Amino acid sequence: MATDPSTFRAFFGSVPTAVAVVTAAAPGAGPQGFTCNSFTAVSADPPLLLVCADQRSRTLPTVLSAEAFVVHLLAESGADLGRRFAGSQADKFAGLRWRPSSVVGDAPVIEDDAILARAECALADVVPMGDHSALVGRMESAVVRPQNPVLYQRGVFSPWRLACEAVPQA
């Protein structure tokens, strides 16, 4: 017997995860985005990452059409941004500072202190899997800032203090 969806969510909800906002834009469509906690490294050479998008996501058709997206890892001050892009409001970009990518089409690059890092990606592959699609992106550009990330567990955002902060430096 397969695990039911609520037990599946409870199982994975008990694991603290980093949080990202994935954005995309295509001709004729305004900027789109969603909050994601299902992403991972795939390959360093070539540089590939993977994010999972719900098949019902309004952003997924935009990613597929544009063949590009930006993954924004959220810093510990990014809980509000994570909540905003997890919601269903029509214009998630209202009041946000952002610019079109100069690297991967017009994919929106969010310019906010709540962004720990970002990767501007060209869509390399799409694999439908159950009620989600795995999006493989080739990282064309990446920026990392010296901040702590935010974690998400059981519906709560909280800061993650890096273990190295507690270890005395030699």
Side-chain angles (χ1 to χ4, degrees), residues 2-26 31-44 46-89 92-93 98 101 104 107-110 112 114-145 147-160 162:
T3 301
D4 66 272
S6 63
T7 303
F8 177 89
R9 282 189 213 74
F11 177 85
F12 282 101
S14 66
V15 179
T17 62
V19 182
V21 168
V22 178
T23 60
Q32 300 286 322
F34 64 92
T35 298
C36 175
N37 68 345
S38 182
F39 56 91
T40 191
V42 174
S43 167
L48 300 174
L49 60 73
L50 178 141
V51 298
C52 292
D54 191 307
Q55 294 285 352
R56 299 167 296 174
S57 167
R58 289 189 306 235
T59 305
L60 181 58
T62 303
V63 170
L64 299 176
S65 173
E67 298 183 348
F69 58 94
V70 180
V71 178
H72 304 82
L73 301 181
L74 299 185
E76 63 185 345
S77 62
D80 288 341
L81 202 54
R83 283 186 205 92
R84 173 192 289 232
F85 280 88
S88 59
Q89 64 268 29
K92 297 176 183 179
F93 288 84
W98 66 276
S101 171
V104 290
V109 174
I110 299 170
D112 191 290
I115 304 300
L116 165 71
R118 75 167 181 270
E120 296 174 59
C121 301
L123 185 63
D125 202 359
V126 180
V127 181
M129 299 181 148
D131 59 3
H132 279 62
S133 285
L135 307 173
V136 179
R138 185 180 63 250
M139 296 172 65
E140 301 295 343
S141 173
V143 174
V144 179
R145 299 170 58 201
Q147 296 188 67
N148 290 328
V150 68
L151 289 183
Y152 184 76
Q153 180 185 26
R154 294 186 180 135
V156 177
F157 290 93
S158 59
W160 178 14
L162 298 177

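Since this is a predicted model, take the numbers as computed values, not measurements.
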Does the side chain of Ser57 come under 3.5 Å of the side chain of Asp54 through a donor N or O and an acceptor N or O? no
Show the nearest heavy-atom pair for residues [X] and [Y], with the distance to one decimal.
X	Y	answer
Ala25	Pro31	CB-CA, 4.3 Å
Pro128	Ser133	CA-OG, 4.0 Å
Ala134	Met129	CB-SD, 4.1 Å
Leu60	Ala53	CD1-CB, 4.1 Å
Cys52	Cys36	O-SG, 3.8 Å
Lys92	Gly33	NZ-O, 3.0 Å

Less than 4.5 Å apart, any side-chain heavy atom of [X] and any of [Y]?
X	Y	value
Leu73	Phe39	yes
Val109	Ile115	no
Gln32	Pro61	no
Val51	Phe69	yes
Pro149	Leu116	yes

Would you confirm whether [X], through its side chain, and [Y], through its main-chain N or O, come within 3.5 Å as a donor-acceptor pair?
X	Y	result
Arg56	Asp131	no
Glu76	Val150	no
Gln89	Arg84	yes

More than 12 heavy atoms of other residues, nucleotides or ligands under 6.0 Å from CZ of Arg9: yes or no? no
Nearest 0.5 Å please: distance from the [atom1] atom of [X] over to the [atom2] atom of [Y].
X	Y	atom1	atom2	value
Ser101	Glu120	OG	CD	3.5 Å
Leu81	Thr35	CG	OG1	7.0 Å
Leu123	Asp125	CG	CG	7.5 Å
Thr23	His72	OG1	NE2	4.0 Å
Cys121	Arg138	SG	CZ	9.5 Å
Arg118	Ile110	CZ	CD1	10.5 Å

Phe34 and Phe85: aromatic ring centres closer than 6.0 Å? no
Between Val136 and Val127, does the side chain to side chain contact (heavy atoms under 4.5 Å, CB included) criterion hold? Intermediate values first, please. CA-CA 8 Å; Val136 179; Val127 181; 5.5 Å; no
